[in-house]
Structures are given as structure tokens and as C-alpha cells.
Amino acid sequence: MNVKTRFPPSPTGSLHIGSLRTALYNYYFAKKHGGTFVLRIEDTDQARSVPGAVESLIRTLARMDISYDEGPYLQDGHLVEKGPNGPYTQSNRLNTYRTHAMQLIEQQQAYYCFCTKKRLETLRESQQATKRPTKYDRKCLQLTQAEIDKQLDLGTSYVIRMKIPEGKTIFQDEIRGTVVIDHAEVDDQVLLKADGFPTYHLAVVVDDHAMGVTHIIRGEEWLSSVPKHVLLYGWFGFDLPVFAHLPLILNPDKSKLSKRQGDVSVEDYLAKGYLEEALSNYVSLLGFNPTSNREIYTRDEFIEAFNLKKINKSGAVFDVNKLLWMNGQYIKQLSGAKILARSKPFIEEGGGVDEALGIRAMEIEKTRIQLLSEVKDALIVYTMQPMYAADLLVWKKSTREDAKEQLLNLRVFLNAKDSSMFDTAALIEKGLKRYIEDNGLKNGNVLWPLRVALSGQERSAGPHEFMWVLGKQETLKRIDHAISQLT
Ligand code: GLU
């Protein structure tokens, strides 16, 4: 079987975390089976479509390294399409949907509905007031052909609705097993709207068939729509695809992930300094873990292990702290140069640091950095003489006088040293150790004031690490500054 999956977002704004997971899973599944992956733009709800959202979506998918074989993409800032089944934007396929809706009218599986918005509103309100299910009451199903023709001649605004038959839909879901939904729960769905646009339900079935989609992997919120889709597949004589409905993504309090409890868009997380690969790794774990004995996986490992049958049925909690931890793990694995380069968008123009110093600083600081946005602050201590209270230079088992003496002696020792001692932090550490031993000194008396002189902080990286980042001249300058503080 030639596997084909798709990711069909509506261009309503930024990419939701849940949509990212859906895109990733469809991508993994297609890749695993040597199949094809399609990007389709579902812009049938004109009122909700946001200008520029398609371009931004395409850019975000590219940033997340999710590539597709068919669909719209950007070439020199312009939208173009690739693939044999286009157009891949639903608003460019309106004729197809109309033809299909008319076919169902002809087959008497759909009907015209001329009810006004006002009538439908009143109907809904009265149903809600009496706690009945809110469904269309089929008033227009009673119209005679003559009455329908008259309304059409008059140019009365209409929609086309599905005539949901009695009974139930039984279907297989790869994740949930056999699902049974009684048609009593299914409304006579509008297929074609008054503005000539299809609804999602008509468009999704027509397009998934036309584009040869074999597997539909999407969020659980679409599960209750499957009966409508299964009926449509049957009425059009299309083969059914495989369905897989992914578990919900939840807030820590188990409610559905929502903006009210934190960020929900991929762009928000990237703007906060999360790495694309960490976000992708974490989101991929919401619903499935390749081995259950670790949490960091490469793309290839996810693809290799991806299996719809292994996806959990129950909701997955989106835990920002876990994501933050994972981001820290990823940052730790990057070189100082990579971290500095990737954090450039978070460091304002002109706030430029000496490249080589910045890289060394990142080598030292990366174990403490969890977000790219923290890099800017982490650099300050290396680029500016830190401020501190003079007493901080005094080790708790020592005195001000001793601290000053140690710093004066250290200065003499370091000044005499060749700057090649500063080539690596390890060399510096060795040199300091020998100095302490040779002079019969105690670590605390020497290293504490030295470290504070360099970092100005109660807790920081080691003095040898600071010295390596700062270099000989700046190290001596900071020691001089500390000595002057103690006078
Ligand atoms: N346009 C729908 C959405 O944005 C797609 C649902 C589906 O995958 O069928 O969620």
C-alpha cells in the first residue's frame, strides 16, 4: 500500500501545540512507510481566515523541520504549489465541492435548506431551553420540488444539508478500536454554505479522496464527525481511509490545553527561547514514547518507532517544566558556538559580544542555561566588570586582610605566567592547584576571593573557567579591581 498522510490546518493564526503534534505524527507515519505527506490549507471558513497565516504556517513548519511532498510552499516570498493533486488550498477548489454537493442532491442524500439565520437561532434557543439536543428540525426536508424550484428561482439564499439516515456508524479507529456512534447524535450537517463555500466536512472528504490520502491522523475532537464522513465516503462511492484519532492535550489540571493557562502556540515557545528540536521532541512524547526508558530521541528514532497502535487513548498533560528541562538538555549538547549563534535573535543589535569570548562563555554556562533567551543575561558577567560588596571577597573562614594578601600574591603569580596557561580551563586549574600546593595555601583562602573577584557572585562557574573565558588581561584587571575594593 502506498501510504499518504496529510496535515490540513486552517489558516486562523499561529500553529497550535496540538497541531504541531498532529503534523509530526503524520510526517513520522509517512516517513516510516516510505509514503507521501501532504500539506493542505483548509480555508473554507472565510470569516476565520487570517491574512498572512498561510505564509507564517509554512515558515513555522520549515523552522520545525517538517517537510512535505505536496502542497503550498514559499518561493522568494510567494506562495507556489508542488504535487499532482492541487490546488492544495480549498478556496481554490470551490467548483469541485459544488459538483459533489449537487451529486448528493441528485442522489437525494442531501437537500436544500432555505431557513433563515434567525429561524435557526430561535430553534436552537428553544431546544437549549428545553434541554433537547440542538439539531436542525428538517423543516426544509418537507418542501416539495415545486417549492424548492420557486425559492431557487427567487434567488433565496440557501445551504445544502446532509440527510443523515437513521441507524449508526460503526468504524475502526487505529487508536480507539471499534467505535460506534448512533445517528441520533448526528445533525443534518451543512455541506455547502450560503456563500458557496463548502463546510469542513464536505471539503475534507472530497479532498482526502481526491488527493489519495490513505491514513487520517488527527485530534480526538474530530472523532464525533466520523459518521458524517463515513456516510459521505459511502455516498460518493469512495474507499474509506484508515482513521486514527489522537488523544487530547491537557493542561496540568486535566482541562483541555488552552491559552488561559499558558502559551499554546509553537511561535510563542520559539519566541521564548525554546529550541525547535527540543519542542519537537517534547511534543512528540505527548501520546507516545518509543521505548519508555528515556525521553530524548532523535527524529529518526521517532520515525523508526512510530506506530499508531502504540499511541495512548487517554489525554496527555502538557508540562511546561518538563519541556524546560528538556530544552536545557538539548542546549547542553550544543557547542558554545552554536548556542551563541542561535541566541542572536535574543541579543539586541549593538549588544554584540566579542565572538570568541562569547563562545567560551557559552561552553562554561551551557549547563546552567535552559532557554536561548537566557544567554544575553548569562553573558553580562563576562562582558562587564561585575559589581559586588567588598565583603563578598572574604571567605567565611578568613579575613579581609588575608583576602587582600591572597589576591596581591595571585596577581604577581599570574602576571609572571605566560598567557599560554590561559589556553584551556584545565591548564589554568592545574596551574592554580600547583600554586596553592607549592605555597602551602588552602583552597578556600585563594580560590574564593579569586572567584568572587572574577564573577562578583556568591555562586558561579569556577575561577579557572572564568579565567579561561576572560583571558589573562581581563583576569588581572578584575583582580586589581577587587584589591582596590579591599583597601
Ligand atoms: N482543518 C482541520 C483542523 O484545522 C483539519 C481536521 C482534519 O484533520 O480532518 O483541525
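First listed ligand is number 1; within each ligand, the first listed atom is number 1. Computed from a predicted structure; not experimentally measured. Along the sequence shown, residues are numbered consecutively beginning with 1.
- In this structure, F243 and H245 have parallel ring planes: the angle between them is below the 30° cut-off, well short of the 60° mark.
- Ligand 1 has an N or O atom lying under 3.5 Å from an N or O atom of P8, backbone or side chain.
- Here the two rings, on F306 and Y25, have centers that are under 6.0 Å apart.
- When hydrogens are left out, the protein atom nearest atom 9 (O) of ligand 1 is Y200 OH, 2.5 Å; that is the closest non-hydrogen contact.
- Under a 4.0 Å N-O distance rule, the pair K376/E374 does not qualify as a salt bridge.
- Atom 1 (N) of ligand 1 has E42 OE1, 2.7 Å as its closest protein atom, hydrogens excluded (heavy atom only).
- Close approach of ligand 1 to R218 is summarised as follows: ligand atoms under 4.0 Å from at least one heavy atom of the residue are 7 (C), 8 (O), 9 (O).
- Under the 3.5 Å distance criterion, the side-chain polar atoms of S460 are left unmatched by any main-chain donor or acceptor of G456.
- Atoms of ligand 1 found under 4.0 Å from any heavy atom of S10 (numbered from 1 in listed order, with element): 1 (N), 4 (O).
- For ligand 1, the atoms sitting less than 4.0 Å from at least one non-hydrogen atom of V204 are 9 (O), numbered in the order shown with element in parentheses.
- The aromatic rings of Y112 and Y158 sit perpendicular, their planes meeting at an angle over 60°, well past the 30° parallel limit.
- Considering only non-hydrogen protein atoms, atom 8 (O) of ligand 1 sits nearest to R6 NH1, 2.8 Å.
- By the 30° and 60° cut-offs, the orientation of the rings of H229 relative to Y200 is perpendicular.
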